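Take a look at the structure below.
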There are 2 protein chains.
Amino acid sequence: MSTRSASDRPSMRQVAETAGVSHMTVSRVLNGHPSIKESTRDKVLHAVEQLGYHRNIAARALALQRTLRIGAVVETEAEFGPASALRAIHRAARRRGYSVSSVALDEDETGDPDRAFQQLLALGIDALCLVTPRSASVAAVRAASLDVPVLVVKPEREPELLRVCVDQQLGVTMAVDHLAALGHRDVLYVSGPMDWLDARARERAFRARAQSWGMRERPIVAGDWSADFGYDFAIGLERVPEYTAIVAANDEVALGIVHGLHDRGLRVPDDLSVVGFDDAPFSRHSIPPLTTVRQPFEALGAAVVDVLLAAVEGLEIPQRTKIPPELVVRLSTAKARTAP
Amino acid sequence: MSTRSASDRPSMRQVAETAGVSHMTVSRVLNGHPSIKESTRDKVLHAVEQLGYHRNIAARALALQRTLRIGAVVETEAEFGPASALRAIHRAARRRGYSVSSVALDEDETGDPDRAFQQLLALGIDALCLVTPRSASVAAVRAASLDVPVLVVKPEREPELLRVCVDQQLGVTMAVDHLAALGHRDVLYVSGPMDWLDARARERAFRARAQSWGMRERPIVAGDWSADFGYDFAIGLERVPEYTAIVAANDEVALGIVHGLHDRGLRVPDDLSVVGFDDAPFSRHSIPPLTTVRQPFEALGAAVVDVLLAAVEGLEIPQRTKIPPELVVRLSTAKARTAP
DNA sequence: GATCCTCTTGTTCCCGGTAACATTTCACGT
DNA sequence: ACGTGAAATGTTACCGGGAACAAGAGGATC
């Protein structure tokens with residue numbers, strides 16, 4: 001099959017001519033307008049088929065005053081979590097006939113959210129979402145007071161903004177419960193950067209659940225999301241014998257921690273259990289394979305797009321917007337060794 | 001700063017009115033037309049600034065008969081390599097004022113490249129690139145005979161298509177040389193799927209270089225790109241003592257191999273050295289950290305966009321299109337144990 | 001001072017869709 | 001047969017830019 005060129009792409013008027021109708025009739029058929037005679041619809045669809053016609057998106061956008069484009073701002077695409085969420089949003093949007101333009105704040109952007117918004121607005125977007133934002137980005141999007149619908153992917157409700165999230169509290173709770181069931185009472189929590197709202201929510205959830213199990217209160221360590229951090233942290237960790245388990249901000253940090261402990265001659269899970277977050281592809285085959293909380297990115301992406309497009313199209317906003325993650329138990333967690 | 005809504009976004013005519021000129025003068029200023037009086041340009045730019053004006057991309061696309069959009073087809077976004085390449089292309093395109101719409105063949109698409117092309121053409125694209133394609137995709141893009149410029153990211157030249165690639169041969173050569181220098185003569189090569197052109201090129205390069213070092217000829221194993229495959233492979237590998245090193249298709253496979261060997265009680269690098277490909281983020285902190293060939297994705301993305309836009313805009317096509325990777329030596333490789 | 005050029009700017013139309021309104025067609029009741 | 005209203009379809013204008021052509025201004029030439 002040979003595909004035609006941009007230049008000889010047929011227009012709606014040509015389709016109309018082929019079908020022996022006016023271009024408006026073609027437009028109506030393609031938009032599912034109700035009052036079109038069956039026979040006319042067939043003629044038109046046949047002509048469309050015959051010419052291999054596609055509507056011109058740019059012309060449509062111009063006439064509709066809608067771009068059929070969603071903007072997405074993500075803090076970084078380098079981490080597995082945000083990148084996966086973004087990909088899922090892409091896919092879900094495409095299924096709905098929308099495309100997604102994304103900007104990552106950690107690259108050429110000098111991390112200025114406002115510039116990112118400007119960039120996306122210049123492109124023309126019908127809606128905007130912030131994927132697992134830091135608090136500064138949420139503040140910036142409020143200040144910008146865009147008037148396209150704005151959605152944040154973050155744990156707490158956000159007045160006047162749309163919101164969808166993974167149930168971080170549930171994820172952390174499952175992890176803590178798992179450790180508790182294995183007899184751990186001395187658990188160290190290594191958080192992501194505290195200005196990421198996801199990290200903050202997890203940390204709160206950890207504190208609450210650890211407390212309810214009567215675990216010993218431990219200082220929360222805040223790092224970044226990188227394996228390098230995990231490694232350095234593990235290397236520098238003092239009074240290791242006081243702990244029996246570590247819960248890490250994500251799988252990368254967990255991996256780094258395992259590596260660091262290994263380099264100190266400590267073994268996972270014999271000396272310490274380690275739990276990650278995300279279920280990145282490598283987690284299944286790290287040594288030892290990581291127990292982790294798998295995030296439901298596909299469902300998240302679908303929910304984001306559902307909510308956003310409902311808002312754009314003036315429909316009722318779905319309310320089921322907190323998506324449960326799943327605990328994946330592997331070998332990096334085991335029964336707590338008896339108290340030191 | 002408050003950003004205006006899609007609805008009250010000013011048009012070029014409003015800017016023109018504010019500046020006291022015609023809309024064409026505004027258009028000329030914005031397009032850098034030479035014959036514009038300095039004072040007029042200033043007036044216009046001032047008005048643009050004052051109104052926070054951005055040109056409407058859709059209207060521009062319609063008038064220019066160009067979409068300022070590049071299509072990208074990638075076999076999968078789930079692997080680190082293709083995903084990184086794609087991200088880099090995105091970034092490079094944005095710097096040039098283009099956006100990228102991508103389709104991954106392994107998801108909702110039933111893997112049919114032709115459908116992916118159709119989807120992208122329906123969106124309207126000025127150029128198309130195939131990122132690290134399988135041979136079937138290249139065949140499909142030829143058959144489709146699109147008449148936008150088409151670029152393939154693959155090792156061999158491709159008559160009539162544009163091409164840019166990472167120098168896979170050099171990468172493999174560096175890896176083999178590294179092993180040879182450590183005294184390895186019995187090296188097993190675990191390839192990616194042979195219908196991926198990158199995998200094929202690496203395999204050929206491996207054969208050639210291994211031979212030139214006088215390494216023993218070994219059957220090439222073809223798998224997929226996953227850690228699961230690497231694990232299963234390692235578990236099932238027979239006559240292990242005959243080998244002193246394994247070169248894997250990518251870091252994930254390498255990770256799985258290390259894991260599998262570990263589960264068999266074999267140690268890396270003491271019993272076997274392992275080399276990966278890509279330098280994925282986890283590779284630095286796996287146990288042991290992986291020796292690997294780092295791919296220059298940023299440069300690759302920039303080159304892809306340079307070539308493609310040169311073609312779109314009718315400029316001279318850059319010829320420097322083979323980008324050298326870099327060997328990263330870590331702990332998964334060591335001196336070969338003396339012959340078994 | 002008239003002519004011709006070049007520099008600069010303006011006018012008009014078109015790109016390919018959709019909305020709003022106009023018009024034709026047709027079934028039906030009387 | 002004719003009026004009537006709904007269904008089906010057509011006509012026109014407009015979305016916001018850019019290309020082509022037109023036109024006014026100012027300078028050089030003779």
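Every chain is numbered from 1, with letters handed out A, B, ... down the list of sequences. Since we're looking at a predicted model, the values are computed, not measured.
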| request: Would you kindly compare A/M24 and B/R55 by the position of their nearest DNA chain D nucleotide and give the one closer to the 5′ end? | output: A/M24
| field | Spacing between B/H33 atom NE2 and C/dT9 atom C1', to the nearest angstrom | value | 10 Å
| field | A/T25 and A/H23: side chain donor to acceptor below 3.5 Å | value | no
| said: Measuring from atom CD of B/Q119 to atom CG of B/D112, what distance do you get when rounded to the nearest 0.5 angstrom? | reply: 10.5 Å
| remark: Closest to the 5' end of DNA chain D, once A/R13 and B/H54 are matched to their nearest nucleotides, is A/R13
| query | Below 4.0 angstrom from OP1 or OP2 of C/dT8, is there any side-chain N or O of B/T40? | reply | no
| NZ/NE/NH1/NH2 to OD/OE distance under 4.0 Å, A/E158 and A/K154 | yes
| task | Mind calculating the distance between CD (B/Q14) and P (D/dC15) to the nearest angstrom? | result | 10 Å
| Quantified as the angle between the terminal helix axes (five pairs each), what is the overall bend of the helix from C/dG1-D/dC30 to C/dT30-D/dA1 to 10 degrees? | 50°
| Would you say D/dG16 has OP1 or OP2 under 4.0 Å from some side-chain N or O of A/Q65? | yes
| remark: Looking only at D/dG16, C/dG17, D/dG18, the nucleotide nearest the B/N56 side chain is D/dG16
| Base C/dT18 to side chain A/H23, donor-acceptor N/O within 3.5 Å cut-off | yes
| field | B/S22 vs C/dT9: side-chain N/O to OP1/OP2 distance below 4.0 Å | value | no
| remark: A/L68 atom CG is separated from C/dG17 atom C1', nearest whole Å, by 12 Å
| Starting at CG of B/L64 and ending at P of C/dC14, how long is that distance when rounded to a whole Å? | 18 Å
| task | Would you give the length of the straight line joining atom CG of B/D198 to atom SG of B/C165, rounded to the nearest 0.5 angstrom? | result | 8.0 Å
| note | When rounded to whole Å, the CZ to C1' distance for the pair A/R9 and C/dG17 reads 12 Å
| task | Name the nucleic acid region contacted by B/I36, choosing base, sugar-phosphate or nothing; use a 4.0 angstrom heavy-atom cut-off, strictly under. | result | sugar-phosphate
| field | Options C/dT18, D/dG16, D/dT9, nucleotide nearest the side-chain atoms of A/S35 | value | D/dT9
| remark: Taken to the nearest whole Å, CE/B/M12 to C1'/C/dG10 is 15 Å
| Roughly, in whole Å, what's the span from CD in A/E38 to C1' in D/dA8? | 14 Å
| note | Assert: residue with more 5' nearest nucleotide on DNA chain C, out of A/S27 and A/K37, is A/S27
| query | Side-chain donor or acceptor of A/R28 under 3.5 Å from a matching atom on the base of D/dG10? | reply | yes
| query | Base, sugar-phosphate, or nothing: which does A/T25 touch, judged by heavy atoms less than 4.0 Å apart? | reply | sugar-phosphate
| remark: Atom CZ of B/R66 and atom P of C/dG16 are separated, to the nearest Å, by 15 Å
| First of B/L62 and B/G20 reached from the 5' end of DNA chain C, by closest nucleotide | B/G20
